[in-house]
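FYI, side chains are in, hydrogens and waters are out, and symmetry mates aren't considered; it's all heavy atoms of this structure. Protein chains get the first letters and strands the later ones, always in sequence-line order, with residue 1 at the start of each.
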Amino acid sequence: MKTSILHDVSELPTYGFGTRMTMAWGTMAFILIEGTGFAIAAAAYFYLAWLNPEWPLSAAPPGLLWSGLITLLMLVSLWPNQRAKARAEEHNLPAVQLHLLVMSAIGLGLLALRAAEFATLHVKWDANAYGSFVWLLLGLHTTHLATDVIDTIVLTALMFTRHAHGKRFSDVTDNAFYWYFVVASWLPIYFILYWTTRL
Amino acid sequence: MSEASVRPAKDVRDTQLDAAELHARLARTWGSGRGLLAALSTVDHKIIGRRYIVTAFLFLFLAGLSAVAMRLQLARPESALMGPDLYNQLFTMHGTTMMFLFAVPVMEAFAVYLVPLMVGTRNIAFPRLNAFSYYVYVFGGLMLWVAFALNIGPDTGWFAYVPLSGPENSPGKRVDFWAQMITFTEVAALAVSVEIITTVFKQRAPGMTLDRLPLSVWTQLVTAFVVIFAMPAVMLASTMLILDRLVETHFFNPAEGGDALLWQHMFWFFGHPEVYIIFLPATGFVSSIVVTFSRRPMFGYLPMVLSVISVGFLSFGLWVHHMFTAGVPQLGASFFTGASMLIAIPNGVQIFCWIATLWDGKPVFRTPLLFALGFIVIFVIGGLTGVMVASVPIDTQVHDTYFVVAHFHYVLIGGAVFPLLGAVYYWFPKLTGRMMSERLGTWHFWLAFVSFNVAFFPMHILGLQGMPRRVYAYQAEMGWGPLNLLVTIGAAFFFLSFVLFLWNAVTSLRAGAPAGDNPWDAGTLEWATSSPPSPQNFDRIPFVTHREPLWAQRDALTVVAGLAVDHREVLVTSVTEARPDLRETSPAPSIWPFVSAIAVGATFIASIFTPWGVVWGAAPVGVALICWFWPKGAPEDEE
Ligand code: HEM
């Protein structure tokens with residue numbers, strides 16, 4: 001088919017930040033998927049809680065110490081996360097490296113706390129349906145957390161190599177954006193597991 | 001390292017080259033190369049889309065064979081061809097394969113192939129994820145059929161209700177294979193949805209505002225969202241089922257505070273939208289076909305778009321109608337009956353728009369249009385029985401009888417398979433560069449249309465006479481023999497129609513008439529490029545000024561210039577207006593998606609046998625994914 005040139009795009013940049021990039025849309029779509037998964041798991045949990053006359057079924061509510069520390073650390077992490085994002089938008093490599101290192105350390109710390117948390121649930125997955133759900137919700141969130149922590153560590157390593165330029169800064173902002181979701185999805189799960197059982 | 005030092009060497013732009021050289025160099029940049037490694041590393045959406053289509057049709061063939069086997073068994077009373085155990089496996093394999101390995105994947109397959117061409121871009125968004133999704137899908141399907149060959153095929157029906165599928169009533173591994181197959185196919189489907197959403201939102205050709213988006217693409221976009229909201233439910237449910245079976249959790253065990261109905265809720269929260277995941281893209285095919293062969297734009301584009309979107313929403317209001325007989329509160333039942341009837345409205349709107357378009361156009365009755373019309377007829381009948389079973393009293397009466405089997409085959413075959421066959425006739429020339437035979441096509445259509453009705457219409461009557469579904473034999477005294485024989489004869493001829501179709505496809509592939517770029521004189525962008533399209537899809541990205549660009553600009557298509565030639569670059573545009581915004585790189589071929597799929601597949605399969613499979617598998621999966629994402633110094637990695 002014959003063509004006629006109407007417009008020249010040579011001058012367009014090769015990357016941008018946020019929703020200008022395809023990556024951001026992929027990230028948002030994955031957030032939607034995982035968010036739906038969490039929402040359905042939570043709905044199923046409430047369905048059983050509503051169905052059973054007693055809830056939690058013959059078990060003490062899970063302990064508050066480690067989970068509280070996790071929640072606290074998650075909230076604290078919002079600050080370096082925001083800084084990593086802002087510095088990436090300025091292409092400030094040393095600052096990005098620093099904040100990514102902090103975020104990696106926080107991620108590892110969270111995983112360590114999570115291991116301790118599993119030991120204080122006061123119920124096993126095979127004890128009853130309540131126990132099954134506690135482990136399911138926490139298991140899902142742990143998978144999600146671990147994936148993003150590994151992702152962050154790999155990105156951190158990447159930002160110390162010769163690849164750390166151009167659109168990598170945009171990747172850093174996407175990673176930071178995703179971390180907000182990690183935190184945001186934890187808060188309702190925390191509330192469900194630790195507080196609805198105490199109300 | 002500064003950007004400037006990387007740039008100049010590779011920055012050849014299309015403005016510097018003449019047409020022939022531009023074409024050749026782009027083809028080299030976007031080509032997949034030769035050899036096995038290259039074949040497994042390709043990220044070309046057309047190659048992967050083609051594989052997806054062929055694989056899905058292979059599964060259709062296998063599922064069709066199992067249907068024929070079932071029909072042979074049921075052809076006469078008290079037949080001794082097979083026992084109940086094999087029959088159970090057969091209907092489960094048939095239903096599962098049709099739904100999870102054929103119908104949903106084949107619609108995605110068309111999306112993977114067509115959407116990038118229709119929106120005028122060079123590759124799908126996240127092309128490596130696309131390759132990964134295909135391999136995961138193939139492994140899941142293979143696993144299920146290998147299990148069946150080893151006599152560990154699932155046998156609890158395509159929706160595997162607990163407690164039947166629970167640890168006590170279904171010991172052994174059969175159900176675990178079923179549940180894990182779900183995980184495979186849903187991972188694949190979700191991945192494709194992410195790609196489609198991003199491609200449609202961000203990679204449309206400049207000027208293709210949302211209200212110039214082809215209806216086919218609209219349906220794929222809405223479907224992608226339905227997948228995203230529906231599939232997590234079944235993935236979670238099947239995981240919970242496996243956990244109940246493997247590590248003694250109690251999600252579905254009433255004795256320990258679990259609940260069997262929870263499975264049904266979770267399954268049908270996905271299961272009903274699933275019907276629309278299959279059906280919506282099919283309506284998109286019909287829209288493309290109707291417009292092209294009516295020789296006029298769609299009558300009521302906006303109502304069509306709104307219908308598609310509202311079907312997407314309403315499809316989530318229907319799940320409980322599969323459970324009317326399981327006992328749900330009265331008010332709830334009324335609500336879901338209402339929603340079930342409501343969805344007839346947007347579906348009706350679509351049918352009226354198609355008919356109006358045909359009415360007002362100058363319809364050309366080629367094979368694709370025949371199948372589109374066949375679809376409308378069959379689907380209306382399926383819709384009528386659908387409105388019937390949406391009402392609680394009738395459903396109570398015919399539940400689990402052949403009436404329901406008839407209903408859902410009218411909906412599924414009428415609503416999905418007929419449009420799909422029309423789509424194959426319609427886009428075959430684009431995929432292969434050759435036309436399919438019209439003569440064989442017409443024969444195929446009439447054979448399929450008549451035999452389909454012979455096979456499935458009598459099932460309504462059998463159902464009303466009380467014949468239950470999922471029985472492997474019945475007594476002569478029931479009087480169901482003659483109609484069952486008729487059904488089987490119809491089914492055999494229906495199967496034959498597919499053999500004819502296959503014959504047509506194979507002979508046309510070798511010796512069909514050459515198609516040229518746009519054999520049907522269609523208006524959308526996939527017809528603006530060669531058939532089959534070269535690896536880069538378009539030498540220059542179109543600049544869209546009209547809903548049917550090729551009809552509006554018959555002498556010369558407006559295009560943009562300025563993209564890179566020596567490395568893969570796509571034009572990224574704004575979400576609603578499609579204003580050019582960025583020149584993003586597009587990932588080069590890589591073997592790692594394939595390796596990752598193997599690692600993921602091995603992990604899933606191992607987890608059927610021991611929960612430690614997940615732990616052992618995590619490391620190889622992690623390594624493969626890191627290798628996938630780590631930049632290897634290709635220009636595409638370094639922008
Ligand atoms: C070759 C044409 C087909 C024939 C002859 C056929 C025949 C049958 C028969 C006889 C059954 C009922 C088995 C029983 O209840 O005992 C059945 C079930 C089913 N069919 Fe088909 N079918 C065909 C095509 C399809 C297609 C294209 C789809 C979907 C896209 C489909 C989806 C299903 C499903 C979901 C079930 C229910 C399985 C279950 O009970 O778990 N079929 N089919």
Side-chain angles (χ1 to χ4, degrees), chain A residues 1-16 19-23 25-26 28-30 32-41 43-44 47-48 51-52 54-55 57 125-133 135-136 140 146 150-151 154 158 161-168, chain B residues 1-3 13 15 125-126 190 193-194 197-198 201-203 206 228-229 232-233 235-236 240 243 247-251 253 256-259 262 265-266 269 517 528 540 543 550 555-563 569 571-572 575 580-585 622 626 629-631 637-639:
Chain A
M1 179 152 201
K2 274 183 30 195
T3 56
S4 75
I5 295 175
L6 188 70
H7 188 77
D8 194 313
V9 296
S10 311
E11 294 308 311
L12 293 181
T14 56
Y15 69 93
T19 54
R20 289 177 69 190
M21 297 284 278
T22 51
M23 188 51 86
W25 290 85
M28 286 192 291
F30 272 106
L32 215 53
I33 292 171
E34 292 182 54
T36 308
F38 284 132
I40 286 170
Y47 174 80
L48 284 193
L51 212 64
N52 281 288
E54 191 194 331
W55 195 268
L57 298 160
W125 63 88
D126 56 0
N128 53 41
Y130 160 75
S132 308
F133 259 109
W135 282 76
L136 179 73
L140 281 177
I150 294 171
D151 203 49
V154 172
L158 192 61
T161 68
R162 69 190 166 88
H163 304 291
H165 60 87
K167 73 175 175 194
R168 300 293 160 216
Chain B
M1 179 185 289
S2 83
E3 276 167 65
R13 297 294 174 82
T15 35
F126 316 121
L190 286 165
S193 296
V194 173
I197 289 175
T198 308
F201 278 160
K202 293 303 286 178
Q203 291 186 204
I228 281 185
F229 290 116
M235 252 175 94
L236 198 61
M240 285 155 66
L243 290 173
V247 294
E248 283 129 52
T249 54
H250 300 288
F251 295 109
N253 176 9
E256 291 293 348
D259 181 49
L262 177 59
H265 278 296
M266 293 181 82
F269 183 81
D517 292 2
R540 291 186 199 282
F543 194 110
L550 307 196
D555 11 292
L557 195 66
T558 46
V559 293
V560 296
L563 287 177
E569 202 167 76
L571 188 58
V572 172
V575 175
D581 186 32
L582 299 171
R583 300 176 292 119
E584 249 189 58
T585 54
I626 291 171
F629 289 106
W630 194 267
D637 292 336
E638 298 302 334
E639 236 355 283

Exercise for the section: Give, as side chain, backbone, both or neither, the part of B:Val572 having an atom under 4.5 angstrom from any heavy atom of chain A. Expected result: side chain
Handout entry: B:Arg583 side chain vs A:Thr14 backbone, donor-acceptor pair below 3.5 Å
Key = no
Handout entry: Check against side chain to side chain contact (heavy atoms under 4.5 Å, CB included), A:Leu136 and B:Met240
Key = CA-CA 8 Å; A:Leu136 179 73; B:Met240 285 155 66; 3.9 Å; yes
Practice task
Verify, without hydrogens or angle tests, whether A:Trp25 (side chain) and B:Ile197 (backbone) share a donor-acceptor contact under 3.5 angstrom.
Solution key: no
Exercise for the section: To the nearest 0.5 angstrom, please state how far the CG atom of A:Leu51 sits from the CG atom of B:Leu262. Expected result: 9.0 Å
Handout entry: Non-hydrogen side-chain atoms of B:Asn253 and A:Asn128 separated by less than 4.5 Å
Key = no
Handout entry: Side chain B:Arg540, main chain A:Thr3, donor-acceptor under 3.5 Å
Key = no
Practice task
Identify which part of B:Met235 has an atom lying under 4.5 Å from any heavy atom of chain A, answering side chain, backbone, both or neither.
Solution key: neither
Problem - Interatomic distance, B:Leu571 atom CG to A:Leu12 atom CG [nearest 0.5 angstrom] - result: 6.5 Å
Completion exercise
Most heavy-atom pairs under 4.5 Å with chain B, out of A:Ala127, A:Ala44, A:Ala146, belong to A:Ala127
Completion exercise
Between A:Ile40 and B:Met266 the two heavy atoms that sit nearest each other are CG2-CE, 3.8 Å
Practice task
Assess the side chains of A:Thr19 and B:Lys202: does a donor N or O sit below 3.5 Å from an acceptor N or O?
Solution key: no
Fill in the blank from the handout: Between B:Pro232 and A:Ile33, the two heavy atoms sitting closest are CG-O, 3.8 Å
Handout entry: Stepwise side chain to side chain contact (heavy atoms under 4.5 Å, CB included) test for B:Val559 and A:His7
Key = CA-CA 7 Å; B:Val559 293; A:His7 188 77; over 6 Å; no
Fill in the blank from the handout: Interface check, chain B: of A:Trp55, A:Tyr47, A:Phe38, most non-hydrogen pairs under 4.5 Å belong to A:Tyr47
Problem - Whether B:Glu584 side chain and A:Tyr15 backbone form a donor-acceptor pair below 3.5 Å - result: no
Exercise for the section: Can you measure from CE (A:Met28) to CD1 (B:Ile228) and round to the nearest 0.5 angstrom? Expected result: 11.0 Å
Problem - Heavy-atom proximity to chain B below 4.5 Å, by part of A:Phe133 - result: both
Fill in the blank from the handout: Taking every heavy atom of A:Ser10 against every heavy atom of B:Gly562, the minimum-distance pair comes out as OG-CA, 3.3 Å
Exercise for the section: Select one option (side chain, backbone, both, neither) describing which atoms of B:Ile626 are under 4.5 Å from chain A's heavy atoms. Expected result: side chain
Exercise for the section: Indicate the atoms forming the closest heavy-atom contact of B:Pro580 with A:Val9, along with that distance. Expected result: CB-CG1, 4.0 Å
Handout entry: Segment of B:Asp517 engaging chain A (4.5 angstrom heavy-atom cut-off)
Key = side chain
Fill in the blank from the handout: Turns out that what part of A:Leu32 lies under 4.5 Å from chain B's heavy atoms comes down to both
Exercise for the section: Identify which of B:Thr249, B:Leu557, B:Leu190 forms the greatest number of heavy-atom pairs closer than 4.5 Å to chain A. Expected result: B:Leu557
Practice task
Evaluate the side-chain proximity of A:Met23 to B:Thr198: yes if any heavy-atom separation is below 4.5 Å, no if none is.
Solution key: no
Problem - Any donor-acceptor N/O pair, A:Ser132 side chain to B:His250 backbone, under 3.5 Å - result: yes
Handout entry: Spacing of B:Leu563 atom CG and A:Asp8 atom CG [to the nearest 0.5 Å]
Key = 9.0 Å
Completion exercise
Residue set satisfying ring pair (Phe, Tyr, Trp, His ring centres under 6.0 Å) with B:Phe126, at least two apart, ordered chain then number -> none
Practice task
Measure the OG1-CZ distance between A:Thr22 and B:Phe201 for me, rounded to the nearest 0.5 Å.
Solution key: 14.0 Å
Problem - Separation between CG of B:Asp555 and NZ of A:Lys2, rounded to the nearest 0.5 Å - result: 7.0 Å
Handout entry: Heavy-atom side-chain proximity of A:His163 to B:Trp630 below 4.5 angstrom
Key = yes
Handout entry: Minimum heavy-atom distance between B:Phe251 and A:Leu48, given as atom pair plus value
Key = O-CD1, 4.2 Å
Handout entry: Any donor-acceptor pair under 3.5 Å from A:Asn52 side chain to B:Gly257 backbone
Key = yes
